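Have a look at the structure below before the remarks.
Note that the coordinates shown come from a computational prediction; the quantities given were computed from them, not determined experimentally. Residue numbers start at 1 and run along the sequence shown.
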Amino acid sequence: MATQTSLNDLIEALAGAVIDAQDRIEQHQMSHLSDYFDEDNRPKSVVIRMPSLQPGAGEGDEDLYRAPILPLVSTNVLRIKDVEIRFDADLGSLIEDAAPPADTPGASAETRGWRVRPRPPKPYVRVDTAVGASDRKAGAVHVVLRVEGSEPTDGAARLMNHLAQTQGVFQTFKPGD
């Protein structure tokens, strides 16, 4: 059964899927930011006991050192580096002088208050993706998606830098006192 789709629509759908995937990656990473703050939006921290290096500290004295957790953990953000999509398709007919359907972008003269020049109708190609190569299942698609780590955003870097500056010794004591 031939299920022909406009090649333009197919490419737009594939590009939209990649954009949605990147958005989901970012939303997932942002959803974990709240794990590093308490219910009053104060940074969660860890208190560490260590031998005191304070001037005048006696032997056996210890310091309580408080460090916010967020600057202590890796904050590499993932982003999609590149995408490769391969599939077999049969070319369909070339549709000449076809006006875009009324529900497609660019069909109206106004878009969010901006004036848009109406696009002249132009030919487009239809493809049949239900047909695959003889050694593959019909409609089979091969997708390669590569992600890479990227630097934290400027705002995240500033927040982590500020939190890192708040860490330090807040009390020196002799154990058992």
Side-chain angles (χ1 to χ4, degrees), residues 5-89 103-106 108 110-116 129 132 136-137 139-177:
T5 305
S6 160
L7 183 58
N8 294 355
D9 290 345
L10 180 60
I11 291 171
E12 278 185 32
L14 294 172
V18 172
I19 291 167
D20 286 346
Q22 179 62 45
D23 186 50
R24 284 178 182 236
I25 289 170
E26 292 169 2
Q27 292 297 322
H28 176 74
Q29 293 173 140
M30 287 299 297
S31 70
H32 292 290
L33 185 60
S34 64
D35 294 344
Y36 300 101
F37 296 90
D38 67 13
E39 60 278 351
D40 293 322
N41 293 322
R42 289 187 296 255
K44 290 181 181 177
S45 59
V46 61
V47 175
I48 303 167
R49 290 175 57 163
M50 55 181 48
S52 181
L53 300 175
Q54 300 295 319
E59 188 176 324
D61 286 355
E62 293 184 349
D63 290 333
L64 292 179
Y65 187 93
R66 182 184 331 256
I69 296 172
L70 183 60
L72 299 177
V73 297
S74 173
T75 54
N76 273 354
V77 177
L78 293 179
R79 68 181 178 103
I80 294 175
K81 180 179 180 180
D82 56 49
V83 177
E84 176 183 318
I85 302 172
R86 283 187 256 152
F87 57 89
D88 290 322
D103 62 343
T104 59
S108 70
E110 291 286 327
T111 304
R112 291 197 212 171
W114 292 87
R115 298 200 52 81
V116 177
T129 57
R136 291 182 21 199
K137 186 176 174 185
V141 176
H142 176 75
V143 178
V144 176
L145 178 71
R146 291 179 194 86
V147 295
E148 68 180 351
S150 62
E151 294 297 316
T153 63
D154 189 43
R158 287 181 184 187
L159 172 64
M160 289 181 289
N161 184 41
H162 181 74
L163 288 174
Q165 292 175 8
T166 66
Q167 70 186 29
V169 174
F170 67 93
Q171 182 181 357
T172 300
F173 69 99
K174 186 176 290 293
D177 286 350

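Using modelled atom types, one side-chain atom of Gln22 and one backbone atom of Ile80 make a donor-acceptor pair closer than 3.5 Å. Distance alone, capped at 3.5 Å, places no donor-acceptor pair between the Lys174 side chain and the Ala57 backbone.
No side-chain heavy atom of Ile25 sits less than 4.5 Å from a side-chain heavy atom of Val77.
Considering OG of Ser52 and CG of Leu64, their distance stands at 10.0 Å, rounded to 0.5 Å. Taken to the nearest 0.5 Å, the CZ atom of Phe37 stands 12.0 Å off from the CZ atom of Arg42. Separation of atoms CD (Glu148) and CG (Asp82) is listed at 8.0 Å; rounding is to 0.5 Å.
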Enumerate, atom names and distances included, each donor-acceptor pair closer than 3.5 Å involving a side-chain atom of residues 166-173, sequence neighbours excluded.
{"unit_1": "Thr166", "atom_1": "OG1", "unit_2": "Leu163", "atom_2": "O", "d": "2.6"}
{"unit_1": "Gln167", "atom_1": "NE2", "unit_2": "Tyr65", "atom_2": "OH", "d": "3.2"}
{"unit_1": "Thr172", "atom_1": "OG1", "unit_2": "Asp63", "atom_2": "OD1", "d": "2.6"}

Less than 3.5 Å apart, which donor and acceptor atoms pair up between the side chains of residues 153-161 and the rest of the protein, not counting sequence neighbours?
{"unit_1": "Thr153", "atom_1": "OG1", "unit_2": "Ala156", "atom_2": "N", "d": "3.2"}
{"unit_1": "Asp154", "atom_1": "OD2", "unit_2": "Arg158", "atom_2": "NE", "d": "3.3"}
{"unit_1": "Asp154", "atom_1": "OD2", "unit_2": "Arg158", "atom_2": "NH2", "d": "3.2"}

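Every residue two or more places apart in sequence or in another chain was checked for a side chain to side chain donor-acceptor pair (under 3.5 Å) with Arg66, and none qualifies. For Glu84, the side chain to side chain donor-acceptor pair (under 3.5 Å) test picks out Arg86, with sequence neighbours left out. Under the side chain to side chain donor-acceptor pair (under 3.5 Å) criterion, Gln29 pairs with no residue at all, not counting sequence neighbours. A search for side chain to side chain donor-acceptor pair (under 3.5 Å) contacts involving Gln54 returns nothing, not counting sequence neighbours.
Paired with His28 under the rule side-chain contact (heavy atoms from CB on, under 4.5 Å), one option of His32, Arg24, Glu26 passes, and it is His32.
Within 6.0 Å of atom CD in Gln165, more than 12 heavy atoms from other residues, nucleotides or ligands are found, so the atom counts as buried in its surroundings.
Residue Pro71 comes nearest to Ala164 through the heavy atom pair CG-N, 3.8 Å, listed as atom of the first residue, atom of the second, then distance.
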